[in-house]
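So the structure is just underneath, and the comments pick up after that.
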Number of protein chains: 2
Amino acid sequence: MKSDLDAIFSALADPTRRAILTMLLEDDMAVTDVAEPFEISLAAISKHLSILTRAGLISQEKRGRVKWCRLEPEAMREASVWMQGFGQFDPVDLDHFERFLERELGG
Amino acid sequence: MKSDLDAIFSALADPTRRAILTMLLEDDMAVTDVAEPFEISLAAISKHLSILTRAGLISQEKRGRVKWCRLEPEAMREASVWMQGFGQFDPVDLDHFERFLERELGG
DNA sequence: CGGATCGTCAACCATGTGGTTGAACATGCG
DNA sequence: CGCATGTTCAACCACATGGTTGACGATCCG
């Protein structure tokens, strides 16, 4: 009995994958463009993307020879609700969020 | 540059550990009592608890020969805020939460 | 067609994780 | 003291993960 939460939380546990999701907040991207800022191989990025896809956090669609990646934020809902059950955290404190983004990306 | 989010999300990625956190919502518990409902060894539970402690999700305090475990829900705040930045999810929908709990525990 | 670009696959390696068992340590109790 | 209880440690095992490289399939373009 394996919960979706397993896949979602373990997908989110990797900083490269979180950074990819953050990039996809801006816009859909091709696999090659997703890989560009990272120093690891394209194959490694491809694996990360398939883990994110299995978790439902992104979707991928091939158009021509380019495969486009799109963020699927709804997939985070279940996990987000689970976490909120523990803390009654401030909903959507975007100031906080931006600071965390900076720490993640600029670190 | 390893974020706290790494530790928190990967701690949450294991169903045994999520179940432990859920149990601790009720009340603080001794290690032996935490272990009781699971079919794995006490040593395995002890490892899970130290992972949760490293992530800051629980604290442990030894009183006598008994080590008490307490939920530290504030540790989830950073991760929760991070996730909410992606979705603007309903804050604290407790009905949802209880259904997810049932699915997790009763599964 | 032929070459360049986009992306995945397969094999491999190092490391981490979740589990086990058995020994050890620490503390409370008769 | 001596034994039972509570918890961790150490060694080990099987398997997953994140990375590599090289070959490959697919698509566009000249």
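Residue numbers start from 1 in every chain, and the chains themselves are labelled A, B, ... in the order their sequence lines are given, proteins ahead of strands.
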Over how many whole Å does the gap from [X] atom [atom1] to [N] atom [atom2] extend?
{"X": "F38(A)", "N": "dT20(D)", "atom1": "CZ", "atom2": "P", "result": "12 Å"}
{"X": "L49(B)", "N": "dT17(C)", "atom1": "CG", "atom2": "P", "result": "16 Å"}
{"X": "E61(B)", "N": "dT7(D)", "atom1": "CD", "atom2": "P", "result": "13 Å"}

Legend entry - OP1 or OP2 of dG19(C) under 4.0 Å from side-chain N/O of S41(B):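 Checking dG19(C) against S41(B), no side-chain N or O comes under 4.0 Å of OP1 or OP2.
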Inset, instruction - Look at the side-chain N and O atoms of S46(A) and state whether any lies under 4.0 Å from the OP1 or OP2 oxygen of dG7(C). - result: no
Legend entry - Between E36(A) and T32(A): side-chain donor-acceptor atoms closer than 3.5 Å: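 No - no donor-acceptor pair under 3.5 Å links their side chains.
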Legend entry - Selection from dT20(C), dG18(C), dT5(C) that lies nearest to any side-chain heavy atom of H48(B):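 Nearest listed nucleotide: dG18(C).
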Inset, instruction - Using a 4.0 Å heavy-atom cut-off across all strands, classify L42(A) as base, sugar-phosphate, or nothing. - result: base
Inset, instruction - Select base, sugar-phosphate, or nothing to describe what R17(B) touches, counting heavy atoms under 4.0 Å on all strands. - result: sugar-phosphate
Legend entry - Result of checking V66(B), L71(B), L24(B) against M29(B) for side-chain contact (heavy atoms from CB on, under 4.5 Å):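 Running side-chain contact (heavy atoms from CB on, under 4.5 Å) over V66(B), L71(B), L24(B) with M29(B) returns exactly one hit, L24(B).
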Inset, instruction - Supply the atom-to-atom distance M23(B) CE to D28(B) CG, rounded to the nearest 0.5 angstrom. - result: 12.0 Å
Legend entry - F86(B) CZ to T22(A) OG1 distance, which is reported to the nearest 0.5 Å: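 Those atoms lie 4.0 Å apart.
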Legend entry - Base of dG19(D) paired with side chain of K47(A) (donor-acceptor, under 3.5 Å):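 Indeed there is one.
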Inset, instruction - Map A30(B) and I40(A) onto DNA chain D by nearest heavy atom, then report which one ends up closer to the 5' terminus. - result: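 Checking each residue's closest nucleotide, the 5'-ward one belongs to A30(B).
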